[in-house]
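What follows is a set of notes on a single structure, which appears directly below.
One is the number of the first residue; the rest follow in order along the sequence.
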Amino acid sequence: MLNRLRSWAGSIARWAGGILHAAWKLWTSIGPRWFRVLCVLVLVAVVAWHEAKVFLTPNLTQETIYSVRYLNDGWTPEERQSFYYTPQGTELLGIDYQWFLNLELPLSDEPLATAENLRGWGFIVAPGQRPDQLNPGNLPVGLGRHVDPKTGKERLDIGCATCHTGELHYKGTALRVDGGQAVQSMANAKRGEFITTLAASVFETLYNPFKWDRFATRVAGADEARRDELKKRFAGFADTIKHFVGGAGSPKNYPVEEGRGRVDAVGRIANVVFGYDIDEPGNYHPADAPASYPFIWDIWRFNWVQYTGFTNQAMARNVGESLGVLAPIKLVDAEGKALKGKDFGETVIDVDGLHCAEGLLRMLKPPQWPEDVLGEIDIARATAGKQLFAQHCQGCHGPHVKPPPEWPVADQQNPQIEGQISSNWQWDMAGEISEVDGKPVRRDWRADIWSIPWIPTEHIGTDPKLADNFMDNRYDASKLVPGSSPVNAGDGLQLLLNTLVPMLYERWDITGDAIPNYDGLNVPFRIANKRAYKSRPLHGVWATPPFLHNGSVPTIYDLLSTQEERPRSFYVGNREYDPQRLGYVTGKSPGSFFHDASILGNHNTGHLFTDVDAPGRIGPRLDEAQRYALLEYLKVMGNPAFTEALGGDAQDWAAYSQPPADEWNAKACNSSHLRHGITDMLPKGEEMSL
């Protein structure tokens, strides 16, 4: 047997040797050595080019939309366009507006910023959309422009509408949800997504002479001096990308993929402000608690906002958000030492733009269920659902209408507010001041507020990672306040914003009775630190999938189901709507993101209707009929058009108080528009091009 094996091995070796000898003869017969080497190099280059093309192919959702229906009342077409494109002073690391419009896809001469590509990454572009004065580049909702006042350069601006405008698709109709949840993937650094494709395009443009020549010709023309200046500035932008990716933007800081329609906003803001902006690499923490973009109609009524309810004031909230979305700011010098005096806090944050958007949001109504598109309402079933909502849901979700608060403020004799790490008594006293028991207060200008409870994480049982990170992550803010102890993100922002916002007001000449208005209805800036989530009213919630704060439950039907019945995984990215279960369809499709609920940060636990004594139980198990009754009611909850048919509705939004009159809002919008050369929003006799 052994001899036979040796014989077989010898035969195989002789056969292999013959094959190799024949192959060598064939190889040498092709031509001289230099030619053969050239053939190998060409083959390697072709394979590498093909693999690079595959690697850099954009990861795009495929959508076919023929028309757009707007679901929210409250805005004129001009006001809607103002919300979409009024700048707030944010920048994508300083990219010029014209650069963005003229970049090409990697390894291609196709423009990057086409409607098809940007829609494929989850941005919102209407079919047949045309440019106008606010949107001359014909870009998606939220991608506007601002002018840097020092350089005169026009930058790409990422407005709040980028994340807070939603869209549901159904059989070719796009149902626009103003103030809703976006599903774009701007923050996602995964291969083929928007930000990685943009970065690849920038670096190829810089180093590929053919691509550079096309780009420079479009942007700077044939003038050599302009092209040289463009090259220098563009190379500086590429260096900024490398620096950012090495720090605050490093993928290692975001180990739980955010995917489509989610971002760890607080974690990213903290990494940008306390790591990148103050040049303190030790402050980078894993931002591993992605959250869905919250819907923001009626947000002006809340006493405390954000998922953990950690702040209360509109301007402070919006300035903090702008910093997180990379509004440039100078807090330290080239050596990383804190700047002092007027040099501190230099930024292009647009205070008028922020106030414009905030005022517009106060006018926005929740979305209304379109019966002609998504199906008629079963009134009997909705009426039964109304009773179930009052029994099981209203206790947490309210809205719990209460008289407006009288906020105690700091003054010169008492410059510190109890429970706050920092206060600025000059800013507090710049509001409209009243006295209660001989002490100064700011009387909230709202007729009433929605006092929504905090629900401790151990009670609600939903994924605690976001709340735990907020409470437990600590940042060294001693460059901002020498000698200060490490702080969480909320307290750190208070240390910064108590100085920064008054400086911004001074630079923007916001004085006198304009200050409490720009603050937001005479509300002083405060921080609350709780290991809890803030429940919220549910008007229009049917239009805001997926659900729970981290987007871990795809439909409201699933949310009302037991833990065992909820999907353990699903795909997000397809905006096609399911009007029966109230959520997006969840099958795998091009451009979709795989949500794995087994990962901490992605857990779909809690907020349970079950007969089992389990963490997060809030009510008994609902049978099929009860679940669908609640779904039917949520479609029309609070909608005045259905109040009479429902036999009355305590949630009727027409009965809620109106926002205080705000003459400053229109002035802020107009001021922002005029600075960007917009004198007439619409050509006479024409409708807004949407």
Side-chain angles (χ1 to χ4, degrees), residues 88-89 300 302-305 310-323 327 329 340-342 344-347 349-359 362 404-446 449 480-481 490-528 659-669 671-672:
Q88 61 183 44
W300 66 274
F302 297 4
N303 54 348
W304 295 87
V305 295
F310 73 82
T311 193
N312 66 330
Q313 192 204 71
M315 184 56 72
R317 179 193 74 226
N318 291 333
V319 170
E321 175 266 329
S322 297
L323 293 173
I329 188 170
K340 305 293 183 183
K342 291 188 177 296
F344 178 85
E346 181 182 314
T347 181
I349 288 176
D350 191 320
V351 174
D352 276 345
L354 293 177
H355 187 58
C356 171
E358 189 68 27
R362 293 177 200 153
E406 295 171 331
W407 300 91
V409 295
D411 60 14
Q412 191 166 9
Q413 287 72 39
N414 299 284
Q416 185 62 39
I417 291 291
E418 183 179 354
Q420 303 295 300
I421 195 171
S422 166
S423 56
N424 181 331
W425 72 265
Q426 291 96 335
W427 183 15
D428 268 13
M429 294 299 292
E432 183 180 274
I433 302 298
S434 304
E435 281 195 3
V436 173
D437 297 329
K439 295 181 179 179
V441 299
R442 284 198 189 191
R443 293 188 189 275
D444 196 308
W445 287 347
R446 291 170 285 191
I449 56 134
L480 301 175
V481 179
D491 288 342
L493 284 170
Q494 190 170 60
L495 290 174
L496 173 62
L497 297 179
N498 267 332
T499 300
L500 179 61
V501 174
M503 293 179 72
L504 290 175
Y505 284 171
E506 183 179 355
R507 292 169 190 161
W508 283 77
D509 196 28
I510 308 300
T511 60
D513 56 356
I515 290 178
N517 197 296
Y518 273 68
D519 283 348
L521 303 173
N522 202 38
V523 174
F525 173 36
R526 302 291 183 258
I527 292 291
D662 185 1
E663 62 178 294
W664 302 98
N665 177 57
K667 291 179 181 177
C669 294
S671 176
S672 180

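In plain terms, the two heavy atoms of G89 and A327 that are nearest each other are O-CB, 3.3 Å. Scanning both residues, A668 and C356, for their nearest heavy atoms gives CB-N, 4.1 Å. Minimum heavy-atom separation, V523 to D519: O-CB, 3.8 Å. D350 and G353 make their closest contact through OD1-N, 2.6 Å (heavy atoms, listed as atom of the first residue, atom of the second, distance). Taking each heavy atom of K342 and R507 in turn, the nearest pair found is O-NH2, 3.5 Å. The minimum heavy-atom distance linking A410 with S423 is given by the pair CB-OG, 4.1 Å.
In this structure, the side chains of R443 and V436 come closer than 4.5 Å at one or more pairs of heavy atoms. Counting heavy atoms from C-beta outward, M315 and L354 have side chains that approach closer than 4.5 Å. Using a 4.5 Å heavy-atom threshold, the side chains of L521 and R362 count as touching. A heavy-atom distance below 4.5 Å is not found between the side chains of V319 and T347. For the pair F344/L480, a side-chain contact is recorded, criterion being any heavy-atom separation below 4.5 Å from C-beta on. Using a 4.5 Å heavy-atom threshold, the side chains of F525 and N424 count as separate. Using a 4.5 Å heavy-atom threshold, the side chains of P440 and W425 count as separate.
If you take CD1 on I417 and CZ on R526, they are separated by 4.5 Å, rounding to the nearest 0.5 Å. Taking CG of L493 as the start and OG of S422 as the end, the distance is 11.5 Å to the nearest 0.5 Å. Taking CG of N318 as the start and CG of L497 as the end, the distance is 11.0 Å to the nearest 0.5 Å. Atoms CD and CD1, on Q426 and I515 in that order, are 11.0 Å from each other to the nearest 0.5 Å. To the nearest 0.5 angstrom, N522 atom CG is 10.5 Å from R446 atom CZ. Atom CE in M503 sits 10.0 Å away from atom CD in E346 (nearest 0.5 Å).
Within a 6.0 Å sphere centred on CD of E506, other residues, nucleotides and ligands contribute 12 heavy atoms or fewer.
Residues passing the side-chain contact (heavy atoms from CB on, under 4.5 Å) test with V305, sequence neighbours excluded: I299, F302, T311, R317.
The aromatic rings of Y518 and Y505 stand perpendicular to each other, their planes meeting at an angle above 60°, with 30° marking the opposite boundary.
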Chi angles and distances behind the side-chain contact (heavy atoms from CB on, under 4.5 Å) call for D411, I433: CA-CA 11 Å; D411 60 14; I433 302 298; over 6 Å; no
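With hydrogens and angles left out, the side-chain atoms of W407 and D428 include no donor and acceptor closer than 3.5 Å.
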